[in-house]
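None of the values given here were measured: they were computed from a predicted structure. Any value given below was found using the heavy atoms of this structure, including those in side chains, with hydrogens, waters and symmetry copies removed. Order of listing sets the numbers, starting from 1, for every ligand and every atom in it.
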Amino acid sequence: MPGTPFRRYRAHKTWPGRAAVARSVARVGVRRYLRRIMSDEKLPILLVPDPRLRLKARPVAEGDGDAVRALAPRMLATMYAAPGIGLAAPQIGSDLRLIVLDCGGKDTPEPMVLVNPEIIAASKELGVREEGCLSLPGLYADVQRPQRIKLRWRELDGTRKEMEADGLLGVCMQHEIDHLNGVLFVDHLSALKRNMMLRKLAKELKLKARDADGE
Ligand code: K1U
Ligand code: ZN
């Protein structure tokens, strides 16, 4: 696997499952485990109103294997450092349909790398949960989405996977797949609320940039 920053998993063709992650964490501890699956390199996260956040990402094709295997550990490092519980490739300027997630606890990491994820079923019942976004720093709002989804994706080795998700994991998966389609959580709010929040953020980012220039 030339050019990939994977260390421990260099010889693996696929991402380890939940049980394997838990066994590794129990053996080496959380910090050492995460250091093994992450790159040292963190990537800058694009902020609104960067137009790249509004583009539809393209499906990962067979020829993208090396790029995806190189990107995934960098995306995990970027997500953990932010800190966040998810990250989609468009947020770091890539046009690939690739997301990483970890909705596990502090002592029970559950890193996931999903290639070409798609929602194949969604419940009629809706739920409301507060969301934030690394591309909209400091903004939070209650968002209504399907309570439960069925998701299909491919592993890094191309293996097809499916699972059902609800709660925080289900919300996070929907939020990240939205990013692949150029959709942000504020798009689920009323135009009035969305514009108010985006104006507030634009002001804050302008002040921050001015402060940084003055230093
Ligand atoms: O996609 C992103 O911008 C990441 C985003 C994911 C997300 C959060 C909440 C609901 C749905 C999707 C974040 O991770 S924002 C940061 C955040 O929620 C968080 C940060 C540290 C600890 C716990 C949560
Ligand atoms: Zn986001």
Side-chain angles (χ1 to χ4, degrees), residues 25 30-31 33-34 37-39 42-57 68 71-119 122-123 125-149 151 153 163-189 193-194 197-198 200-202 204-205 208:
V25 169
V30 175
R31 286 163 70 95
Y33 171 74
L34 290 180
I37 63 164
M38 290 184 326
S39 154
K42 291 160 200 85
L43 305 161
I45 296 173
L46 304 184
L47 302 181
V48 164
D50 194 305
R52 286 170 288 179
L53 290 167
R54 291 308 196 168
L55 301 176
K56 194 173 161 72
V68 164
L71 206 53
R74 291 184 172 93
M75 285 176 61
L76 283 168
T78 307
M79 175 189 80
Y80 285 123
I85 54 172
L87 189 71
Q91 292 180 279
I92 46 94
S94 161
D95 67 348
L96 295 171
R97 297 188 80 80
L98 171 68
I99 65 176
V100 296
L101 306 165
D102 189 342
C103 292
K106 199 166 167 250
D107 300 322
T108 52
E110 289 176 11
M112 295 179 78
V113 177
L114 280 60
V115 177
N116 291 339
E118 50 179 322
I119 293 167
S123 66
E125 305 85 58
L126 304 175
V128 175
R129 201 177 256 268
E130 187 176 69
E131 297 189 23
C133 181
L134 299 175
S135 297
L136 295 153
L139 296 191
Y140 299 90
D142 284 344
V143 177
Q144 194 178 48
R145 297 183 184 270
Q147 189 97 46
R148 192 172 184 82
I149 54 163
L151 195 81
W153 74 96
M163 77 174 280
E164 285 190 19
D166 60 5
L168 181 61
L169 181 62
V171 168
C172 192
M173 284 171 163
Q174 294 179 68
H175 177 114
E176 301 311 331
I177 290 173
D178 268 358
H179 274 302
L180 301 182
N181 296 321
V183 174
L184 301 170
F185 82 86
V186 288
D187 298 332
H188 294 278
L189 310 175
K193 181 137 197 226
R194 176 171 60 251
M197 289 175 77
L198 291 176
K200 178 175 167 259
L201 178 63
E204 281 169 8
L205 292 176
K208 225 174 168 181

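Heavy-atom proximity to C133, at under 4.0 Å, picks out these atoms of ligand 1: 3 (O), 15 (S). Ligand 1 places these atoms under 4.0 Å from at least one heavy atom of E176: 1 (O), 2 (C), 4 (C), 6 (C). Listed by number with element, the atoms of ligand 1 under 4.0 Å from a non-hydrogen atom of G86 are 1 (O), 2 (C), 4 (C), 14 (O). For ligand 1, the atoms sitting less than 4.0 Å from at least one non-hydrogen atom of Q91 are 1 (O), 2 (C), 3 (O), numbered in the order shown with element in parentheses. Short contacts between ligand 1 and P83, defined as distances under 4.0 Å to a heavy atom of the residue, involve ligand atoms 16 (C), 20 (C), 21 (C). The H179 neighbourhood of ligand 1 comprises atoms 1 (O), 3 (O), with distances under 4.0 Å to a heavy atom of that residue.
At under 3.5 Å, not a single nitrogen or oxygen of E131, backbone or side chain, sits near a nitrogen or oxygen of ligand 1. Remark: ligand 1 and G132 share no N or O pair separated by less than 3.5 Å (distance only, no angle test).
Considering only non-hydrogen protein atoms, atom 24 (C) of ligand 1 sits nearest to I85 CG2, 3.8 Å. Scanning the protein for heavy atoms near atom 3 (O) of ligand 1, the closest one is L134 N, 2.7 Å.
L55 CG to L180 CG: the interatomic distance, rounded to the nearest 0.5 Å, is 12.0 Å. How far CG of L184 is from CD of Q91: 8.5 Å, rounded to the nearest 0.5 Å. Note that the CG atom of D50 and the CD1 atom of I45 stand 12.5 Å from one another [nearest 0.5 Å].
Here the angle at the Zn ion (ligand 2) defined by NE2 in H175 and NE2 in H179 stands at 110°, rounded to 10 degrees.
Considering R145, H188, Q174 in turn, R145 is the only one that fulfils the side-chain hydrogen bond (donor to acceptor under 3.5 Å, both in side chains) rule with E131.
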Using the salt bridge (charged side-chain N to carboxylate O under 4.0 Å, His left out) rule, take K208 and E204 through it: C-alpha gap first, then chi angles, then the decisive distance, then the call. CA-CA 6 Å; K208 225 174 168 181; E204 281 169 8; over 6 Å; no
Let me see the working for I149 and I177 under side-chain contact (heavy atoms from CB on, under 4.5 Å), right down to the final yes or no. CA-CA 12 Å; I149 54 163; I177 290 173; 5.7 Å; no
Could you check Q147 against S123 for side chain to side chain donor-acceptor pair (under 3.5 Å), going step by step and ending with a plain yes or no? CA-CA 6 Å; Q147 189 97 46; S123 66; over 6 Å; no
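Within the 4.0 angstrom cut-off, atom 22 (C) of ligand 1 has no protein heavy-atom neighbours.
Remark: R54 engages D187 in a salt bridge, criterion side-chain N to carboxylate O under 4.0 Å.
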